[in-house]
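Okay, structure first, notes after.
Residue numbers start from 1 in every chain, and the chains themselves are labelled A, B, ... in the order their sequence lines are given, proteins ahead of strands. Computed from a prediction, not measured in an experiment: that's the story for all the values here.
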Amino acid sequence: MELMEGELEQIQSVVAEVLKKFDSDSEQLLPILQAVQGRLGYLPREAMKMVAAAVEIPEVDVYSVGTFYNQFRLNPPGKNQIKVCMGTACHMTGGNIIMDSFERRLEIEEGETTKDREFSLERVACVGCCALAPVVLVNDEVEAKVRPTRVDGILLGLGKELNRKKTEVGTEDKAQDPAEPKDIPAQEEGDAR
Amino acid sequence: MSNNNGNNNGNNGNNEKMVTITIDDKQFMVPEGKRLLWAALENGVYIPHLCALEEEEKPSAGCRLCFVEIEGFLNPVTSCTQPVKEGMIVRTRSKRIDRMVKNGFELLLSNHRLNCGKCAANGSCELQKIARERGLKLRVSRMRKLENDAPIDDSPENFSYDPAKCVLCGRCVWVDHNMAKVGAIGMVRRGMSRRVATFGETALAESNCTQCGECVRACPVGALAVKE
Ligand code: SF4
Ligand code: SF4
Ligand code: FES
């Protein structure tokens, strides 16, 4: 993930502040990483490097811990956060297909954030409303019984411009009303890619 | 750190007490406290093993293949973690051990890019050795095969890493950290996506890897392999 202007400086000063509060001891690695993520919303690479240097372990060992625990994210949260539930009920009712649809549409993989930082996509394990499966949390609002065809609607509602295939642009109505997203042939589109 | 443990190879210095143990009805004199796996191997008794390194102070005991039965223990134990004691009576084979090894072995193969004919480790591979010694097939028959199409990293000058042949034994990571003392590689992610990688999962050549080759020598299979 590329850093924006001034972001590196911000990361450096936040991590330096966090590090001051802990002993420079590898046993403090987890609490330090939690504190860094608490302040920055994720674990930027630069932050992991600084932590590694401070507690005197190889950088790859910090990365190892950061990628092991679900609670850590390596990419900044997007302006819109999409969480696809992969709990048992959602999984059984096709949560993975919903995840695939978002991945294809946003052109990122689970756990990633779009380049413009508008959207981040992650999996969660049961949000507690299995009767509504498959469930997607869109900025912490529940979307119930989501179908692949609903994915474009959700994204349009959040202001995402969906790129049609160039050849079709002339014939298709590009500026769909975000409030009326129901008849967008999302499925066919997705498959055609 | 490893000097005390690592140098017991057979030559029993004065300060080393020898004990007598019985493995599969044969008696052996071995240095007290030596780990059973190495004591057995040195005396020509084979026990399957992938993850253990003799120099390691604390074995990771991750491969779960080196099980033996020891008299007085209710359940099979990993021989790589068990120090020998006077009078210890060991069996390397039993119904339940054979079953555990067979299952563990097949699980390891279930996401393995099996391609021995074209593999750099063909002939020296520990998986092949386990199959030979225990009469197991290098094939997945009772489990579903998981296609592993992870790309090979061949960025280093002299070697390459094929995650689809990696058994995640961790030996390369240990020697990188403790022998080469570089800290270039580690185990990242978890579950099915666990793999050996550098910081940020870059190509090895773009990391702080010095390409010393220690890890390649430590690899029991053909995952880290010298280029032809
Ligand atoms: S690592 Fe061993 S079992 Fe796997 S393909 Fe190579 S030789 Fe065969
Ligand atoms: S690359 Fe080889 S030594 Fe390293 S974890 Fe994989 S199998 Fe073990
Ligand atoms: S060698 Fe003992 S568990 Fe791997």
Problem set entry | Chi angles and distances behind the side chain to side chain contact (heavy atoms under 4.5 Å, CB included) call for B:Leu108, B:Leu65 | CA-CA 10 Å; B:Leu108 279 173; B:Leu65 291 175; 3.8 Å; yes
Just wondering, more than 12 heavy atoms not from [X] lying within 6.0 Å of its [atom1]?
X	atom1	result
B:Lys137	NZ	no
B:Arg99	CZ	no
A:Met92	CE	no
B:Arg142	CZ	yes

Exercise. What heavy-atom pair brings B:Ser141 and B:Glu106 nearest, and what distance separates the two atoms?
Worked result: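 So the minimum-distance heavy-atom pair works out to N-OE2, 2.8 Å.
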Between chain B and chain A, identify all donor-acceptor pairs below 3.5 angstrom, including backbone and side-chain atoms.
| from | atom 1 | to | atom 2 | distance (Å) |
| --- | --- | --- | --- | --- |
| B:His177 | NE2 | A:Asp61 | OD1 | 2.8 |
| B:His177 | NE2 | A:Asp61 | OD2 | 3.0 |
| B:Met187 | O | A:Ser64 | OG | 2.4 |
| B:Arg189 | N | A:Thr67 | OG1 | 2.9 |
| B:Arg190 | NE | A:Phe68 | O | 3.3 |
| B:Gly200 | O | A:Arg45 | NH2 | 3.4 |
| B:Glu201 | OE2 | A:Tyr63 | OH | 2.4 |

